[in-house]
Colleague: 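Below is a structure I'd like to ask you about.
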Amino acid sequence: MDEAQWQYFKQRYPEISRMSGTPSLWRLNGIGTTMMGRHDADAQSHAYIKTQVFTVLFVPLFAVASYVVADAQRGWYFLGRVPMRSGLRLW
């Protein structure tokens, strides 16, 4: 991502921070981490916030982190990390 794109996302999502890599997403027999939800969508870039959750038997138990993502052909492009909503922390 070039600097102009980063500044756009920084303006749209003020608390976004750069990432050194993508989060680990894995599940074995329904136990592991996956991405869920979609909120704060940006109409111009088609980016939105998605949350990484830990699941047991495919049931989400707790939120791990939130990321600004854009849809890819398979999965997502991770653009940066943002703080989780307060409701997710309590959940």
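If you read the sequence from its start, that first residue is 1, and numbering goes on from there.
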Colleague: Taking all atoms of both residues into account, what is the closest heavy-atom pair of Val68 and Tyr13, and its distance?
Modeller: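 Looking at all heavy atoms of both residues, the shortest contact is CG1-CE1, 3.8 Å.
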Colleague: What residues, two or more places apart in sequence or in another chain, satisfy side chain to side chain donor-acceptor pair (under 3.5 Å) together with Asp42?
Modeller: Tyr8, Arg12, Ser45
Colleague: Please give the remaining members of the hydrophobic cluster of Phe58, linking ILVMFWY side chains under 4.5 Å, ordered by chain and number.
Modeller: none
Colleague: What orientation do Phe54 and Phe62 show, parallel under 30°, tilted 30 to 60°, or perpendicular over 60°?
Modeller: parallel
Colleague: According to ring pair (Phe, Tyr, Trp, His ring centres under 6.0 Å), who are the partners of Tyr77, at least two apart in sequence or on a separate chain?
Modeller: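 With sequence neighbours excluded, Tyr77 shows a ring pair (Phe, Tyr, Trp, His ring centres under 6.0 Å) to no residue whatsoever.
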Colleague: Just jot down the side-chain contact (heavy atoms from CB on, under 4.5 Å) partners of Asp2, sequence neighbours excluded, or say none.
Modeller: Ala4, Gln5
Colleague: Going by side-chain contact (heavy atoms from CB on, under 4.5 Å), name the residues that satisfy it together with Thr55, two or more places apart in sequence or in a different chain.
Modeller: Arg27, Thr34, Val53, Pro60
Colleague: Considering only residues two or more places apart or on different chains, which pairs with a residue in residues 61-70 satisfy salt bridge (Lys or Arg N to Asp or Glu O under 4.0 Å)?
Modeller: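 Salt bridge (Lys or Arg N to Asp or Glu O under 4.0 Å) check on residues 61-70 returns no pairs.
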Colleague: Shortest non-hydrogen contact from Met19 to Gly21?
Modeller: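 Looking at all heavy atoms of both residues, the closest pair is CE-O, 2.9 Å.
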Colleague: Flag yes if Met36 and Val69 sit in one hydrophobic cluster, no otherwise; membership is Ile, Leu, Val, Met, Phe, Trp, Tyr, and two members link when side-chain heavy atoms are under 4.5 Å apart.
Modeller: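 Each belongs to a different hydrophobic cluster.
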Colleague: For Phe78, what residues pass the ring pair (Phe, Tyr, Trp, His ring centres under 6.0 Å) criterion, not counting sequence neighbours?
Modeller: Tyr67
Colleague: Considering non-hydrogen atoms only, spot the tightest contact between Pro83 and Ser66 and give its length.
Modeller: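 Reported closest heavy-atom pair: O-CB, 4.3 Å.
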Colleague: Side-chain heavy atoms under 4.5 angstrom apart, residues restricted to Ile, Leu, Val, Met, Phe, Trp, Tyr: same cluster for Leu25 and Val64?
Modeller: no
Colleague: Walk me through it: do Val82 and Ile49 pass the test side-chain contact (heavy atoms from CB on, under 4.5 Å)?
Modeller: CA-CA 8 Å; Val82 291; Ile49 296 177; 4.0 Å; yes
Colleague: Side-chain contact test, heavy atoms from C-beta onward, threshold under 4.5 Å: evaluate it for Arg81 versus Ile16 and give yes or no.
Modeller: no
Colleague: Listed by chain and number, what are the side chain to side chain donor-acceptor pair (under 3.5 Å) partners of Tyr48, not counting sequence neighbours?
Modeller: Asp71, Trp76
Colleague: Tell me, please, which residues at least two apart from Arg18 pass side chain to side chain donor-acceptor pair (under 3.5 Å).
Modeller: Glu3
Colleague: Using only atom types and a distance under 3.5 Å, with no angle test, would you say the side chain of Lys50 pairs donor to acceptor with the backbone of Gly37?
Modeller: yes
Colleague: Mark yes or no for whether Gln52, through its side chain, and Ser24, through its backbone, hold a donor-acceptor pair below 3.5 Å.
Modeller: yes
